Amino acid sequence: MSELSTEAPAQSGKPTIFFDGVSSRKRQVTLTLGDALEIAEEGGTPVSWVYADIRRADSPAGILRLASTSAPSLARLEIRDAALAADVTIRCMRLDEHQTSRRGVAKIVGWSMAAAVSIVCVVLFGVPLAADRLAPLVPKPIERRIGDASEVQVKTIFGSSGCEDPAGKAAFKKLVNRLRDAAGLDDDAMTAGVLPSAIPNAFALPGGKVFVLNALIDKAENPDELAGILAHELGHLKHHDNMRGLIYNGGTSFLIGLLFGDVTGSSAVIFASRSVVEASYSREAETAADTFAIDIMHALGRSPKPAAELMFRITGKEGGGLASILASHPLTEDRLARMTKEDRPASGPPLLTDTEWQALKGICGSGKI
Ligand SMILES: [Zn+2]
């Protein structure tokens, strides 16, 4: 057992129960979160569970019930204290590995039960800190589930059909792939799509999903304009800004939704998708995403300036109204000046051919070419 921070949080609250899987006796135990999870009954021999072996078992709401692949198959640990459950959950990176998608919602709820309460606790002491700390800790599968759920919601808002023109999709995929490769993002870590909407916008959902609303493509005059904005969104993805925003902006309504298991078609996700679609990130996050975009465009031998020009044209035409991309990404003087300063003559090949660009413009099949 490590001597470093092995103390479990105060366990005065709700009891933790352990069934050893051999006898049917219900034991009240104390947990120590060391190199492994130590389960100790007063007067008994402690049992040690390796975190990587711990899996979530079916449980009623409010209880985190765990099994271990290296313990007797009927062995169960039941944690009722939410803060303790959150602490244990964060250490068990393979908690939900065995689950199938059918169990997806329960997984989110189960994880959220634990995480939400711990988030709520930290909310009391400072939300930004909580969001910053928690965003990178959200396990990938959970982030992906939240992303999937948000995507469903986003598609009910914008409509899921209409931007399926094969040549347009191929061109879009090529553009996204070039940016993704230059950004060094995982192959399976992201998906991208175009949605029909009269609002010029682009946004990233948790789990690596980037969406562009086709009005933005309509307004773009060349691939570089669009690419710069996509690259900026990739920056938000890379930096987990969307998860951070979800936790930060979501605050209690998001958490309450999750706590009540209200995840799939409901307030939590409506909130979640609204929050990511309308996400307003901190100035620091915007600057970091711009830096990311500038680096990607330079790596591709293209200028980041056209993206700023596109954003500027949208402001010009729409006065920076709420409906535009500028609501979530205000094009401040600083940003415009910076992207202009980073202008370079093109040293790389065009990101798309003229034919591909025209195909992308027609991706929603609206005849606007
Ligand atoms: Zn942004």
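None of these values were measured; they are calculated from a predicted model. First listed ligand is number 1; within each ligand, the first listed atom is number 1.
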### Message
side chain to side chain contact (heavy atoms under 4.5 Å, CB included) for L77 and V29? Distances and angles first, verdict last.
### Response
CA-CA 9 Å; L77 182 65; V29 294; 4.0 Å; yes
### Message
Go through it in stages, so that I can follow the logic: the residues are E342 and K305, the test is salt bridge (charged side-chain N to carboxylate O under 4.0 Å, His left out), and I'd like the CA-CA distance, side-chain angles, deciding distance and then a yes or no.
### Response
CA-CA 7 Å; E342 296 290 345; K305 191 184 170 198; over 6 Å; no
### Query
Looking at side-chain heavy atoms only, is the closest gap between D20 and V47 below 4.5 Å?
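No. Closest side-chain heavy atoms not under 4.5 Å.
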### Query
Are T355 and Q358 close enough that some pair of their side-chain heavy atoms sits under 4.5 Å apart?
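A side-chain contact under 4.5 Å is absent here.
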### Query
Of all the atoms in D290, is at least one N, O or S atom closer to the Zn ion (ligand 1) than 2.8 Å?
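Checking the Zn ion (ligand 1) against D290, no N, O or S atom falls under 2.8 Å.
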#### Entry: Atom name, H236 (N, O or S, nearest to the Zn ion (ligand 1))
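That would be atom NE2.
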### Message
Looking only at N, O or S atoms in E286, which is nearest to the Zn ion (ligand 1)?
### Response
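Minimum-distance N/O/S atom of E286 relative to the Zn ion (ligand 1) is OE1.
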